[in-house]
Amino acid sequence: MDRFTRVPIAEQDPKVRATNFNEVCLGYTEEEAMAEAKRCLNCKHHPCVGNCPVNIHIPRFIKHIAEGEFEEAAHVLAEYSALPAVCGRVCPQEEQCEKVCVLGMKGDPVSIGKLERFAADWAREHGVEVGKTKEKNGYKVAVIGSGPAGITCAGDLAKEGYDVTIFEALHEPGGVLVYGIPEFRLPKDIVRHEIENLKKLGVKIETNVIIGRTVTIDDLMDKEGFHAVFIGSGAGLPKFMGIPGENLNGVYSANEFLTRNNLMKAYREDYDTPIKVGEKVAVVGGGNVAMDAARTALRLGAEVWVVYRRTEEELPARVEEVHHAKEEGIKFEFLTSPVEILGNEDGWVKGIRCQRMKLGEPDSSGRRRPIPIEGSEFEFDVDTVIMALGTSPNPLIPSTTYGLEINDRGCIITDENGQTSREGVFAGGDAVTGAATVILAMGAGKQAAIGIDKYIKEKYNK
Amino acid sequence: MYKIVEKKELAPDIYSMDVLAPRVAESAKPGQFVIVIADESGERVPLTICDYDTEKGTVNIVIQAMGCSTKKMVSYNEGEYFKDFVGPLGKPSAYVNEDLEEVKKRKYLFVAGGVGAAPVFPQVRWFHERGIDVDVIVGAKTKELIILEDKIRDVAGNLYIATDDGSYGFNGMVTGLIEDLVVNQGKKYDYCIAIGPMIMMKFVALLTEKLGIKTIVSLNPIMVDGTGMCGACRVTVGNETKFACVDGPEFDGHLVDFDEALKRQAQYKEEEIKKLKKVEEECKLEQQGGVK
Ligand SMILES: Cc1cc2nc3c(=O)[nH]c(=O)nc-3n(C[C@H](O)[C@H](O)[C@H](O)COP(=O)(O)OP(=O)(O)OC[C@H]3O[C@@H](n4cnc5c(N)ncnc54)[C@H](O)[C@@H]3O)c2cc1C
Ligand SMILES: Cc1cc2nc3c(=O)[nH]c(=O)nc-3n(C[C@H](O)[C@H](O)[C@H](O)COP(=O)(O)OP(=O)(O)OC[C@H]3O[C@@H](n4cnc5c(N)ncnc54)[C@H](O)[C@@H]3O)c2cc1C
Ligand code: SF4
Ligand code: SF4
Ligand code: FES
């Protein structure tokens, strides 16, 4: 192997994996990881670090791997990230750390994500304990939501000695990591392990508590004695297009489809929740959510088209996911947008009427705006339509919390410490930014933990 | 884990259970519902909150065994535990937050169909506790399926019963009885609150629209999370798409697109029937000492 070529990584064969829910990427062996790690130049100015949202000291952990010191590598990662096994799998690496890797100028960038995953998996499999906690300080913090933002914030505060309770609306903790991202991309055992680690740090988790319904933030602070609150409630509200036929039977939000399959395990015969996939499925959208829904439908036995209004170049999904989707046999209809969903007399989907698009001038997002082409309408037969058009924050918490300000997109407004307009109430992750990424949510949880620590110390003169 | 502290059979296949869930009991209001998961492999089943006791920390639910999940749930006994119990979900009934003086000026008619009598009871009691008499119609297919008759009679102004087969009370459906009360007996109502099977609510709404009575219905579409996250529960109300779990479950009955809602409710029928057959098959085999 020369320095400019990546050590290839084992993956399940596309034909085989298209029929199961096991993880696609099998990970590096120790030898492969060391060989890949040795490619890193250990650059003095290490541009990769600056392009990681939580500034993991990449050459430092990679050097340990190169030398076979896997436990040390895991410890370096733990200094920066609470969820390396997750981020190593789902971060858009090609847009972040790997994008600026010096080796990338001449050849393949270092597989930073895959190495991160390797070190984290190794530590988990070998029972390496990462993270110590300080003595309990007697201050109580409530964390709302158990996604990456909540997990990170809770873990960091517990390590500082806080008495932390996570309140989660669903019956299983993990947020999008358990209900949204499918098993074949992120095995649920990994998430469960991270949750167990949190509990070991002394974090309490109360599932089945919906803040705003079961109990309010005001009650948590006034009646239950919490000194501060972190809101990491994500952006779970699905969008629909508002086109005719959207309420026909056989039209689902990606959230519903994925939740039935992932959280409720509908793909398994021994679970009670039903899922219906049909024979021909159109998935509308082009992000990670669309890819996950499409590949899930495929695994449940359907023929699947992704319908996206821009071109392949603008697809917001991670490159690796698009590549995997194509390998598995997902078909793409680019520059296409649905205008109506067609139903039969029993109220079920029988097809979808679409319009072709062309790209115009860049819009506010910097991407070229799709413009409909007159007279280009056509129909195609499908029996299921999955809408993966993005999500926004749920209004439940802002509408039930006195004095919590939100912007016009429903996102909670915070300052640089993660503090909201309400004293002692902090927020971060998708609830603040709108739908983003795991690593950004984690970073926000970290930032807020620092903010909460500072706030409590100042207020109570510790 | 949520302990079942009391279980009672109200009618064939209809059970009342008090479940220990202090946080839910503390916040529950009339009109809201919970989601229950029986065990590890269970689905999330929405059930109306029928009563709650903040002192004991219990919430009362009434379950009609219809399919796989509800059959599994009613097989649980006192002292056993449900895996998950979450709520209260949905918005409380509108009158809870309205000016009591305004509410007192109105004449309410409650219409309960079948197991719908269970969620109607705490609402009627809410009025009774505030010194307001409301009229109640309870309807069912036949006499033995009429539930909670005595409890409702204690708190209602007038209680009227209707059975489809005429085995008890008015001979006919609840719509027939409403018409009888309003048209023949000259009763006047400002508000009708109808809770029961979707098809019953549809016909009640059609009738009350003709009679000019404002009508609230409590919709029970298919749900998954119950928190606004999946959109499975979407219904069309006044040409707008609403999520029944967060925008409802109570809506203006004259604006609901019932035909769509009825179709959507049957979405998983095929799968459910298949599943039920499989389970019954397994039960039989088990009884014969075959498969474990
Ligand atoms: C299908 C899918 C695929 C994705 N793929 C990727 C990917 O490959 N890479 C990537 O980086 N990102 C991906 N993302 C985005 C990423 O998952 C999110 O940005 C991230 O999970 C946000 O974290 P969070 O902690 O802010 O919120 P979430 O993970 O959404 O967690 C919020 C939690 O709060 C709970 N909650 C909400 N309201 C309440 C309440 N009122 N009371 C109590 N609890 C509440 C929710 O139930 C949930 O568990 C994907 C998202 C989806 C949906
Ligand atoms: C807000 C709300 C409140 C509810 N309150 C109660 C209650 O207090 N007591 C009670 O017994 N049930 C209540 N239901 C209905 C209950 O959730 C369903 O009966 C249950 O989910 C059926 O599950 P199953 O697996 O046993 O039956 P399935 O096998 O899923 O269904 C059996 C039959 O019931 C029909 N069905 C499925 N889902 C529903 C539904 N949501 N409503 C009506 N019919 C349905 C199916 O089409 C089928 O014919 C409520 C539903 C909602 C949404
Ligand atoms: S967390 Fe993400 S961006 Fe940072 S090093 Fe790991 S893969 Fe790269
Ligand atoms: S830029 Fe690439 S080669 Fe340089 S330190 Fe970072 S990972 Fe290693
Ligand atoms: S049940 Fe999921 S949004 Fe209402």
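So that the names make sense, note that chain A is the first sequence line, chain B the second, and so on, each numbered from 1.
- The most heavy-atom pairs under 4.5 Å with chain B, out of Glu269(A), Glu224(A), Met387(A), come from Glu224(A).
- Checked by atom type, the side-chain pair Asp225(B)/Thr227(B) shows a donor-acceptor distance below 3.5 Å.
- When the candidates Leu248(A), Thr207(A), Thr391(A), Thr273(A) are compared by the number of heavy-atom contacts under 4.5 Å with chain B, Thr273(A) comes out ahead.
- Side-chain contact of Ser93(B) with Glu250(B): a donor-acceptor pair under 3.5 Å is present, judged by distance alone.
- The most heavy-atom pairs under 4.5 Å with chain B, out of Asp272(A), Leu263(A), Asn255(A), come from Asp272(A).
- Using a 4.0 Å cut-off between a side-chain N of Lys or Arg and a carboxylate O of Asp or Glu, Arg260(A) and Glu256(A) qualify as a salt bridge.
- The pair Glu206(A)-Arg23(B) counts as a salt bridge, with a side-chain nitrogen and a carboxylate oxygen less than 4.0 angstrom apart.
- Summarising the geometry of Tyr402(A) relative to Asp218(A), their closest heavy-atom pair is N-OD1, 3.5 Å, with the distance given to 0.1 Å.
- Of the two parts of Leu237(A), the backbone and the side chain both hold a non-hydrogen atom closer than 4.5 Å to a non-hydrogen atom of chain B.
- Looking only at heavy-atom pairs under 4.5 Å with chain A, the residue among Leu89(B), Val246(B), Asp257(B), Val24(B) that has the most is Leu89(B).
- Heavy-atom distances place the backbone of Phe85(B), and not its side chain, under 4.5 Å from chain A.
- Interface remark: of the candidates Ala169(A), Ser253(A), Pro238(A), Pro238(A) forms the most heavy-atom pairs closer than 4.5 Å to chain B.
- Annotation: cation-pi geometry satisfied between Lys7(B) and Tyr15(B) (NZ/CZ under 6.0 angstrom from ring centroid, within 45° of ring axis).
- Look at Glu196(A) and Arg192(A) and you find no salt bridge, because none of the NZ, NE, NH1 or NH2 atoms lies under 4.0 Å from a carboxylate O.
- Salt bridge annotation for Asp84(B)-Arg44(B): absent, with no cationic side-chain nitrogen under 4.0 angstrom from a carboxylate oxygen.
- For Gln32(B), the part lying near chain A is the side chain, with the backbone staying farther off; criterion is any non-hydrogen pair under 4.5 Å.
- In this structure, the portion of Phe240(A) lying under 4.5 Å from any heavy atom of chain B is its side chain and not its backbone.
- Contact annotation for Gln267(B): both backbone and side-chain heavy atoms come within less than 4.5 Å of a heavy atom of chain A.
- The parts of Thr214(A) that come within reach of chain B are both its backbone and its side chain, each placing non-hydrogen atoms under 4.5 angstrom from that chain.
- Within the 4.5 angstrom heavy-atom criterion, only side-chain atoms of Lys265(A), from C-beta onward, approach chain B.
- The choice from Val209(A), Leu258(A), Val251(A) that makes the most heavy-atom pairs within less than 4.5 Å of chain B is Val251(A).
- For Asn249(A), the parts lying near chain B are the backbone and the side chain together; criterion is any non-hydrogen pair under 4.5 Å.
- Contacts of Ile35(B) with chain A are absent, with no heavy-atom separation under 4.5 Å from either backbone or side chain.
- With a 4.5 angstrom heavy-atom cutoff, Ile275(A) touches chain B only via backbone atoms.
- Checking Glu40(B) against Tyr271(A) by side-chain atom types alone, a donor-acceptor pair falls below 3.5 Å.
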Tell me, with the steps shown, if Glu260(B) and Thr236(B) meet side-chain hydrogen bond (donor to acceptor under 3.5 Å, both in side chains). CA-CA 8 Å; Glu260(B) 180 188 274; Thr236(B) 304; 2.7 Å; yes
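- If you measure heavy-atom distances from Asp219(A) to chain B, you find no contacts under 4.5 Å at all.
- Contact of Lys29(B) with chain A is not made at all, since no heavy-atom distance falls under 4.5 Å.
- Annotation: maximal heavy-atom pairing with chain A below 4.5 Å, among Gly90(B), Gly226(B), Ser41(B), occurs at Ser41(B).
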Verify ring-ring contact (aromatic ring centres under 6.0 Å, His included) between Tyr267(A) and Phe21(A), making sure each step is shown before the conclusion. CA-CA 9 Å; Tyr267(A) 68 95; Phe21(A) 280 88; 4.3 Å; yes
Give the intermediate values and the outcome of side-chain hydrogen bond (donor to acceptor under 3.5 Å, both in side chains) for residues Asn60(B) and Glu6(B). CA-CA 9 Å; Asn60(B) 176 258; Glu6(B) 197 179 311; over 6 Å; no
